[in-house]
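Please read the structure below before turning to the comments.
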Amino acid sequence: MFYRPIWRNFLLTFAGLVLAGTPAFAHGGHSKDPYHQHQQIKATEVTLQYQTAAAYTQELKKQKTALPAQFDSKLPVLKVILQHKQMHLQARVKLKVTDAQGKSLGGAGGVTPTQVRSSNGAHYITQLPLQRGRYLIMVQFISPEGLQRAAFSLPVS
Amino acid sequence: MSDTPVSAADPWDLSDVSASEMQALTVQPLSLQAIDWQDHLTSHWHNRLVSFPLVLAFVLVGLSRYYGKNPIYHSLLRRLWEAFLVLGWLAIALGEWQYRHFDAGQWTQLALYHRVGGYVSLALGTLAYGVWGRRHDWLVTGKAFWSLGCGLVLLTCVAFLGGVLSNAH
């Protein structure tokens with residue numbers, strides 16, 4: 001036997017529906033991680049990751065890969081991954097990093113990153129003493145479509 | 001963006017690349033006019049709607065536990081349960097529609113588990129609603145509470161798989 005709904009029941013039903021809808025607002029979109037950015041350059045997806053040395057070391061440890069010879073455990077890591085049609089692209093890569101004032105870090109001519117081969121494929125890393133501020137990072141690489149460039153704005157906090 | 005002229009002398013000497021040139025290569029923020037509003041309004045409705053039945057299921061089990069004994073709240077619980085079932089089946093229909101345009105690729109198996117799990121949990125929810133309709137005292141029994149609890153665990157697992165699919169794809 002069900003009783004007739006009273007106004008309180010309607011109110012509670014409404015509150016339940018509103019409560020049920022709140023996660024939908026949180027699902028509005030995936031927040032962009034400034035330390036993990038992607039850019040599609042023709043058929044190649046360029047990924048830039050900014051990690052602490054500890055996080056990068058941990059990641060390589062999980063992949064059972066040795067750290068590069070010239071690895072500084074105090075400097076953060078700028079990691080570049082080139083994926084071409086779901087295959088990790090092994091190509092010549094050069095980076096240019098400038099700070100908010102337009103000053104180049106690691107040489108005006110650019111920085112040649114170290115190639116690291118792991119079980120997941122090859123990626124490229126460089127370590128620069130990035131302080132708090134906004135940096136521009138340009139990645140130049142050879143893809144099957146020729147010489148390509150991508151750039152990222154990296155806010156370091 | 002990638003068709004920026006590259007110095008012919010030595011393309012790997014980046015000394016002449018200015019900060020403004022680099023800035024131009026970055027992904028610029030989309031203007032409101034450049035956003036495909038129609039696409040955003042007509043896509044991913046399963047993802048948007050699915051939170052409603054999910055949270056309604058949690059609200060239902062909680063309210064059943066505390067208000068199930070009082071018949072005055074039964075109509076409220078009925079309405080919430082009906083809302084859960086309608087929205088749940090609608091979410092499944094929208095999921096099926098979304099799946100037609102979804103290239104699962106390497107996530108095919110996960111998508112299958114998510115799909116089958118969704119059907120099973122909603123079918124169990126519908127069955128429980130039917131049982132409660134026949135036996136009005138069923139909701140307050142311990143058996144009902146544990147059955148609904150297990151259903152919630154299943155629903156949470158299904159939702160988790162959906163979250164993995166939507167974030168990782």
Side-chain angles (χ1 to χ4, degrees), chain A residues 1-6 8-13 15-17 19-30 37-42 44 46 86 92 94-104 107-112 136-140 142-143 145-153, chain B residues 1-7 10-29 40 44 47-60 62-63 67 70-80 82-84 87 105-106 133 136 159 163 166-168:
Chain A
M1 173 64 69
F2 293 106
Y3 284 70
R4 283 184 65 191
I6 52 171
R8 193 170 44 176
N9 284 4
F10 279 120
L11 201 68
L12 278 169
T13 309
L17 281 169
L19 183 68
T22 43
F25 293 103
H27 204 280
H30 312 304
Q37 299 185 39
H38 304 271
Q39 213 182 109
Q40 191 72 36
I41 303 294
K42 294 195 176 160
T44 308
V46 186
Q86 300 189 337
R92 187 176 176 187
K94 205 160 183 187
L95 307 176
K96 186 174 168 95
V97 183
T98 60
D99 62 13
Q101 284 75 43
K103 192 182 142 204
S104 295
V111 186
T112 304
L136 278 172
I137 295 148
M138 189 181 82
V139 182
Q140 180 168 295
I142 300 254
S143 79
E145 289 93 8
L147 195 71
Q148 307 291 335
R149 283 175 175 179
F152 301 89
S153 177
Chain B
M1 283 188 296
S2 56
D3 296 325
T4 314
V6 174
S7 164
D10 178 9
W12 293 99
D13 179 11
L14 305 177
S15 321
D16 56 341
V17 180
S18 66
S20 56
E21 281 176 78
M22 286 165 68
Q23 185 69 52
L25 286 170
T26 58
V27 176
Q28 300 301 315
H40 284 284
H44 302 112
N47 305 20
R48 289 168 196 188
L49 188 90
V50 83
S51 332
F52 284 86
L54 184 65
V55 180
L56 269 174
F58 277 89
V59 170
L60 259 174
L63 288 183
Y67 297 122
N70 191 342
I72 205 163
Y73 291 107
H74 278 194
S75 66
L76 159 74
L77 293 172
R78 280 250 150 201
R79 296 296 90 76
L80 283 179
E82 282 153 10
F84 160 72
L87 291 169
Q106 58 185 330
H136 299 158
S166 85
N167 285 293

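First the proteins, then the strands, lettered A, B, ... as listed; each starts at 1.
- Heavy atoms only, all atoms of each residue included: B:Met22 and A:Lys96 are closest at CE-O, 3.2 Å.
- Side-chain atoms of A:Gln140 come within 3.5 Å of backbone atoms of B:Pro11 as a donor-acceptor pair (strictly under, hydrogens ignored).
- The greatest number of non-hydrogen atom pairs below 4.5 Å with chain B, out of A:Gly102, A:Gly109, A:Ser153, is found for A:Gly109.
- Every ring pair (Phe, Tyr, Trp, His ring centres under 6.0 Å) that A:His38 has, sequence neighbours left out, goes to A:His36.
- For the set A:Gly146, A:Gly107, A:Ala108, A:Gly110, the entry with the most heavy-atom pairs within less than 4.5 Å of chain B is A:Ala108.
- Note: A:Thr98 OG1 to B:Gln23 CD = 8.5 Å, rounded to the nearest 0.5 Å.
- Taking both residues in full, the closest heavy atoms of B:Leu25 and A:Ala151 are given as CB-CB, 3.5 Å, listed atom of the first, atom of the second, then distance.
- Residues B:Val17 and A:Arg149 form a side-chain contact, since some pair of their non-hydrogen atoms from C-beta on lies under 4.5 Å apart.
- Here the straight-line distance linking atom NZ of A:Lys94 with atom CG of B:Leu14 works out to 5.5 Å at 0.5 Å rounding.
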